[in-house]
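The block underneath contains the structure these notes are about, expressed in structure tokens.
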Amino acid sequence: MSIDTKAVLAGERLALARLLTQIENQTEDGQRALGELFPHTGNAHLIGVTGAPGTGKSSLVNQLAYHFRNPAAGEPQRVAIVAVDPSSPFTGGAVLGDRIRMTALIGDEGVFIRSMASRGSLGGLAQNTAGVVQAYDAAGYEVIIIETVGAGQSEVDIARLAHTTLVVEAPGLGDDIQAIKAGILEIADILVINKADRPGVENTERALKNMLALAHPVQRVFRHHGQRMEAQAVTDESAPMWVPPIQRTVATDGTGLPEMMEHIAAHREFLQTSGDLERRERARLANELDLRLRATLTENFQAGLKNGAYDEALEAIVKRKLSPQEAVQKLLQSK
Ligand SMILES: Nc1nc2c(ncn2[C@@H]2O[C@H](COP(=O)(O)OP(=O)(O)OP(=O)(O)O)[C@@H](O)[C@H]2O)c(=O)[nH]1
Ligand SMILES: [Mg+2]
């Protein structure tokens with residue numbers, strides 16, 4: 001079934017839901033629709049929420065959505081959420097403690113939630129997520145929240161997709177030093193200690209503060225999106241810096257959420273005034289271009305190979321008759 005992109009642009013939920021399915025299934029219709037919609041994207045504030053399983057990311061995302069819908073000041077904003085591979089179900093409130101706020105989101109036309117299963121390759125998931133975010137953006141959602149379970153690479157990928165990245169920690173997850181291993185300082189714009197009602201919160205905060213003190217903020221901010229940004233950072237030492245705040249929250253009752261909203265607003269302001277928003281957008285789109293280019297080149301190349309040529313080459317490598325380098329040359333020449 002072809003996709004009604006006009007209806008998507010008009011914000012019709014059913015059309016959007018259909019498009020998301022096409023994106024997830026990587027259909028040609030879906031890709032074509034995304035192409036048509038692309039000129040209408042680039043307006044939303046993309047917020048990434050990542051952290052270890054069970055730290056309360058979904059609960060926190062629900063709270064954020066509630067606060068964007070019911071702001072302390074200003075107009076309510078429309079919020080779309082994509083939860084990538086959640087290990088616990090994301091049902092728009094069912095996993096949550098704060099029933100009153102969560103119930104307020106159910107049936108709210110200004111909120112759209114989609115969970116995505118991680119199937120296929122990691123690259124495929126990253127592409128699909130980027131597609132879903134574009135669809136939301138075109139549909140006019142002002143805030144797009146992307147939740148992923150952080151496990152190294154996916155944390156980095158989400159940071160590339162988001163303007164503002166929240167890294168969620170929780171006390172008592174075992175090793176407080178877990179934070180360093182995952183390299184979270186590289187990608188966190190805001191550090192959240194959720195489950196602040198639990199014992200051990202001081203230890204977690206102390207560990208995070210120590211880590212932050214050891215980091216080099218100037219480099220940290222600009223290395224955010226890889227090599228290309230680094231050169232800029234070195235030459236531009238007068239550029240304003242963002243030091244990631246640490247915020248305690250209790251996502252099950254909303255404690256710390258007003259402060260959290262202030263940090264997000266401040267970061268957004270920083271992105272705009274420092275010029276970092278433009279740099280991040282550029283890096284983000286470069287990343288997507290690279291990702292798609294690589295995927296397409298590989299696909300085209302493999303489609304043009306003679307039957308069995310790849311397996312033969314692999315077999316020769318396994319038997320040490322060819323080096324991987326030689327095998328690549330051979331495959332390239334066999335075309
Ligand atoms: N005590 C306490 N429990 C919380 C808090 N936030 C979330 N929880 C509970 O922790 C459990 C996991 O919460 P989720 O929001 O599903 O966590 P998640 O990080 O999204 O989990 P995954 O997506 O499966 O990685 C649920 O039972 C929540 O009710 C909190 O601040 N304090
Ligand atoms: Mg979750």
Side-chain angles (χ1 to χ4, degrees), residues 46-68 79-106 111-119 122 125 128-129 132-133 143-159 161-162 165-176 178-179 181-182 184 187-188 190-205 208 245-261 263-264:
L46 313 185
I47 301 175
V49 177
T50 193
T55 44
K57 298 177 294 299
S58 296
S59 312
L60 197 68
V61 168
N62 274 274
Q63 288 284 357
L64 294 175
Y66 175 85
H67 284 271
F68 279 115
V79 185
I81 298 162
V82 52
V84 182
D85 195 23
S87 45
S88 53
F90 196 121
T91 50
V95 296
L96 305 158
D98 194 347
R99 301 262 166 227
I100 298 162
R101 283 182 185 175
M102 295 324 127
T103 312
L105 292 182
I106 296 167
V111 178
F112 196 103
I113 300 175
R114 181 84 165 203
S115 286
M116 291 223 305
S118 95
R119 64 183 117 121
L122 195 66
L125 185 65
N128 289 357
T129 308
V132 168
V133 168
V143 177
I144 298 171
I145 307 180
I146 310 147
E147 178 192 336
T148 61
V149 177
Q153 190 54 44
S154 79
E155 284 174 334
V156 175
D157 285 345
I158 198 187
L161 210 53
T165 299
L166 276 53
V167 171
V168 186
E169 296 276 322
L173 277 182
D175 195 8
D176 280 335
Q178 199 144 8
K181 279 191 275 178
I184 61 157
I187 65 159
I190 300 169
L191 285 159
V192 187
I193 305 175
N194 189 45
K195 304 198 181 183
D197 53 327
R198 293 269 180 87
V201 60
E202 287 80 12
N203 285 343
T204 307
E205 183 158 338
L208 285 177
I246 300 174
Q247 181 62 50
R248 295 183 188 192
T249 57
V250 181
T252 39
D253 70 7
T255 302
L257 260 295
E259 293 84 352
M260 193 67 232
M261 297 303 288
H263 292 310
I264 291 172

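Both ligands and their constituent atoms are indexed starting at 1 by order of listing. As a basis for the values below, the full set of heavy atoms in this structure was taken, side chains included, without hydrogen atoms, waters or symmetry mates.
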Please could you name the atoms of ligand 1 that P53 approaches to less than 4.0 Å, counting only its heavy atoms?
-> 25 (O)
Provide the number and element of each atom of ligand 1 under 4.0 Å from a heavy atom of S59.
-> 7 (C), 13 (O), 14 (P), 15 (O), 28 (C)
What's the separation between atom [atom1] in [X] and atom [atom2] in [Y], rounded to the nearest 0.5 Å?
X: L105; Y: I113; atom1: CG; atom2: CD1; value: 6.5 Å
X: L64; Y: I264; atom1: CG; atom2: CD1; value: 5.0 Å
X: I145; Y: L46; atom1: CD1; atom2: CG; value: 10.5 Å
X: E259; Y: I190; atom1: CD; atom2: CD1; value: 12.5 Å

Residues which pass side chain to side chain contact (heavy atoms under 4.5 Å, CB included) with E202, listed by chain and number, not counting sequence neighbours | R206, R248
Residue S59, metal the Mg ion (ligand 2), N/O/S under 2.8 Å = no
By atom name, which N, O or S atom of E147 is the nearest to the Mg ion (ligand 2)?
-> OE2
Mind checking whether [X] has an N or O less than 3.5 Å away from an N or O of ligand 1?
X: G54; answer: yes
X: A251; answer: yes
X: V149; answer: no

What pairs with T129 under side chain to side chain donor-acceptor pair (under 3.5 Å), at least two apart in sequence or on another chain?
-> none
With heavy atoms and a 4.0 Å threshold, my read on which part of D197 contacts ligand 1 is side chain
Report the member of K195, E147, Q63 with the shortest heavy-atom distance to atom 10 (O) of ligand 1.
-> K195
Side chains of T249 and N194: is there a donor and an acceptor less than 3.5 Å apart?
-> yes
